[in-house]
Amino acid sequence: MLRTGAPVTVATAGIRIHDQHWIGGEWQAAASGESFDVRNPATGELLARVASGDAADVDRAATAARAAFRGEAWRKLSPHRRAELLWRLADLVERHAEELALLETLNNGKPLFESRQVDLPGVVENFRYYAGLADKIEGATIPVAGLFLNYTLREPLGVVGCIVPWNFPLSLAAWKMAPALACGNTVILKPAEQTPLTALRLAELAAEAGFPPGVLNVVAGFGETAGTALVRHPDVDAISFTGSTEVGRIVMREAATTLKKVSLELGGKSPNIVFADADLAAAARGSCSGIFYGKGEVCAAGSRILVEESIAGDFVRALLDRTAKMTVGDPLDPKTRIGAIVSEAQLERVLSYIERGKSEGARLLCGGERITVNGRGNFVTATVFDEVTPQMTIAQEEIFGPVAAVMTFRDVHDAIDKANRTIYGLAAGIWSRDIGKAHRLAAEIQAGTVWINTYQRYDSGSPFGGYKQSGFARDLGFQSAIDKYTQVKSVWVALDA
Ligand code: NAD
């Protein structure tokens, strides 16, 4: 059992670090021989020098994944046995949860309590949920005209490329590979260059669970090289992408050449709407965790807090009280609520948005500072601005850091107008005791997820994804996973032959 608070390094924790690609059931160095540094953002410690993938590595992975897709070991495996493999992988992840949680925290900088109590249990549950789906994928019989039997088959897409960001490295890998595998596809996973370590360890656990070689491959590397190569590869049938809206546009363009099936889970600037009739304490608590959970590096973060004018003063005071409890510090310290920003580049980005907020006239109520812990690391204090107007940069652009922009609204119509006035549509929160009003508003908000009197709830069974420029298709869910990772074949049989 890990003792939190004690100085932990990769060496002292004794965890397994892999630094090569996992292709065709074995570790493989980069074809180019190149590698890149992966660091702990809380300390700067070098965790590993990881193989840097390019087109040659992706090609090897595509060959392995195609061979596995065609091979009998996977294609002829019954759905019940596929389910069993996913369940076994869930068991292995659970058995290694402590190690994986620590590795996630060392690599991403998120507080250990988040990795341990939220991410890892979620990953285990995700594999179990999709184990349950594997043998429940059904076609239909269709009453067509004439003497024909017509039925549909739901077939896997083939080789699916899964590209994930750095904020929830293991969770988002599971969100994609679990349903893709449950549906009978083979997978090439490309983790983010900042956080490849847990995905590589997961590949090893999948092999231990009994997935045949080539069914799951992990190619580490940068977006411009490994990511682009995966999207362009003619023998990759689909791309399931989570990341920024900016890169989502590139992925869609690049995928057009081979007409790959693309699904995009992109950025957000989610409104969290607090009405005067809300339970103020609950709304302040939920709004605080809604923006500061995961250091604000959460696609669905409630980064625009819209408050009804009449309670703005009281609400902001309550929000600031809660925010004062968001201790920034060593991610391994159990008291820490905001860990290290994932990279120096991301820290600079967050700080530049804070400067932008100030220069455009928003009022900085707290935070806004870069700090170090034990003299090092990428940390920024929990930041709240009010007097924000809808056209300000911090009200429009995704900051992806612990920065809340508080705005006011007059009435329901103004709330809807301000909530929807963004290119994004990922999520929204509504706080009100008038449940009829909340439901009516939920229907008006352009977002893939609406939380009423709660925020940041996820479940493997509940579809998650965006409206507008937050993307399309859904992660999670039952039917949405089948729609995303299978294709439909219609079979006609003449009955009068
Ligand atoms: P990013 O778009 O920079 O990178 C995401 C992934 O894409 C990484 O693996 C990266 O290497 C790869 N990539 C980069 N350029 C590429 C290219 N040209 N071709 C192919 N792949 C490429 O995003 P990020 O900074 O890692 O993550 C933050 C973003 O992810 C935020 O915008 C956030 O909102 C979004 N996100 C969305 C969801 C969701 O479910 N909607 C969940 C988490 C994060």
Side-chain angles (χ1 to χ4, degrees), residues 36 38 50 52-55 58 107-108 110 119 122 161-176 188-196 199 218-233 236 239-257 260 262-270 293-303 341-343 345-350 353 397-401 422-427 447-449 456 458 462-477 480 484:
F36 60 98
V38 175
V50 174
S52 186
D54 62 15
V58 167
N107 195 172
N108 167 282
K110 63 174 69 192
D119 293 14
C162 300
I163 302 178
V164 294
W166 42 258
N167 58 343
F168 292 90
L170 200 54
S171 305
L172 294 177
W175 283 21
K176 296 196 180 300
I188 303 170
L189 172 66
K190 211 266 328 142
E193 52 271 32
Q194 298 86 349
T195 55
V218 180
V219 175
F222 290 84
E224 299 74 20
T225 46
T228 304
L230 193 56
V231 177
R232 287 183 181 163
H233 201 287
V236 172
I239 292 290
S240 179
F241 174 84
T242 296
S244 59
T245 292
E246 189 189 348
V247 174
R249 286 191 192 102
I250 300 173
V251 167
M252 204 163 159
R253 262 200 310 273
E254 291 287 348
T257 315
K260 280 184 182 50
V262 175
S263 56
L264 302 174
E265 306 287 344
L266 308 174
K269 190 75 191 174
S270 300
Y293 183 83
K295 312 167 248 166
E297 294 169 348
V298 179
C299 52
S303 50
I341 300 294
V342 73
S343 64
Q346 184 62 16
L347 179 72
E348 291 306 326
R349 184 182 149 92
V350 173
Y353 274 115
E397 294 186 14
E398 183 180 43
I399 299 174
F400 227 53
T422 156
I423 60 165
Y424 297 110
L426 193 57
T449 296
Q456 305 258 33
Y458 305 90
S462 183
F464 181 79
Y467 277 31
K468 301 197 283 186
Q469 293 188 37
S470 289
F472 47 82
R474 295 289 177 267
D475 275 331
L476 307 180
S480 44
K484 185 166 170 177

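Order of listing sets the numbers, starting from 1, for every ligand and every atom in it. Residue indices begin at 1 and follow the sequence shown.
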| task | Give a yes/no on ligand 1: does Phe464 have at least one heavy atom closer than 4.0 angstrom to it? | result | yes
| Has Leu230 got any heavy atom lying under 4.0 angstrom from an atom of ligand 1? | no
Number the atoms of ligand 1 from 1 as they appear, then name those within less than 4.0 Å of a heavy atom of [X], with their elements.
X: Phe241; result: 2 (O), 6 (C), 7 (O)
X: Ile250; result: 18 (N)
X: Gly227; result: 19 (N), 20 (C), 21 (N)
X: Asn167; result: 43 (C), 44 (C)
X: Leu426; result: 41 (N)
X: Glu193; result: 10 (C), 11 (O)

| Side-chain (Lys190) to main-chain (Gly227) donor-acceptor, under 3.5 angstrom | no
Quick one: look up the protein heavy atom nearest [atom] and list residue, atom name and how far away it is.
atom: atom 25 (O) of ligand 1; answer: Trp166 NE1, 3.0 Å
atom: atom 39 (C) of ligand 1; answer: Cys299 SG, 3.3 Å
atom: atom 18 (N) of ligand 1; answer: Thr228 OG1, 3.6 Å
atom: atom 34 (O) of ligand 1; answer: Glu398 OE2, 2.6 Å
atom: atom 12 (C) of ligand 1; answer: Ile163 CG2, 3.6 Å
atom: atom 28 (C) of ligand 1; answer: Phe400 CE2, 3.3 Å
atom: atom 8 (C) of ligand 1; answer: Val164 O, 3.4 Å
atom: atom 15 (N) of ligand 1; answer: Val247 CG1, 3.4 Å

| message | Looking at Glu348, I want to see if its CD is surrounded by more than 12 non-hydrogen atoms of other residues, nucleotides or ligands under 6.0 Å. | response | yes
| request: Verify the neighbour count for atom OH of Tyr467: are there more than 12 heavy atoms of other residues, nucleotides or ligands below 6.0 Å? | output: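 Open.
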| query | Under the criterion side-chain contact (heavy atoms from CB on, under 4.5 Å), which of Ile188, Leu172, Ile239 is the partner of Ile163? | reply | Ile239
Are any of the side-chain heavy atoms of [X] and [Y] separated by less than 4.5 Å?
X: Glu297; Y: Gln346; value: yes
X: Phe464; Y: Arg474; value: no
X: Asp119; Y: Leu170; value: no
X: Thr195; Y: Val342; value: yes

| said: Below a 4.0 angstrom heavy-atom separation, can you tell me which part of Thr242, side chain or backbone, both or neither, approaches ligand 1? | reply: both
| task | For ligand 1, note which part of Asp475 has a heavy atom under 4.0 Å away: side chain, backbone, both or neither. | result |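 Answer for Asp475: neither.
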| The one among Ala226, Gly223, Pro165, Gly243 that brings a heavy atom closest to atom 35 (C) of ligand 1 |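 Nearest option to atom 35 (C) of ligand 1, by heavy atoms: Gly243.
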| message | Parallel, tilted or perpendicular, judged at 30° and 60°: which one describes the rings of Tyr458 and Trp175? | response |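 Aromatic pair Tyr458/Trp175 classed tilted.
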[X] versus ligand 1: do any nitrogen or oxygen atoms come within less than 3.5 Å of each other?
X: Leu266; answer: yes
X: Lys190; answer: yes
X: Ser244; answer: yes

| task | Please name all residues satisfying salt bridge (charged side-chain N to carboxylate O under 4.0 Å, His left out) with Asp475, sequence neighbours left out, ordered by chain then number. | result | Lys176, Lys484
| Residue pair Glu254, Arg232: steps toward the salt bridge (charged side-chain N to carboxylate O under 4.0 Å, His left out) verdict | CA-CA 6 Å; Glu254 291 287 348; Arg232 287 183 181 163; 2.7 Å; yes
| query | With distance as the sole criterion, is a donor-acceptor pair present between the side chains of Tyr424 and Glu398 under 3.5 Å? | reply | no
| remark: side chain to side chain contact (heavy atoms under 4.5 Å, CB included) filter on Phe36, not counting sequence neighbours, yields Val38, Val50, Ser52, Glu193, Pro196, Ala220, Phe222
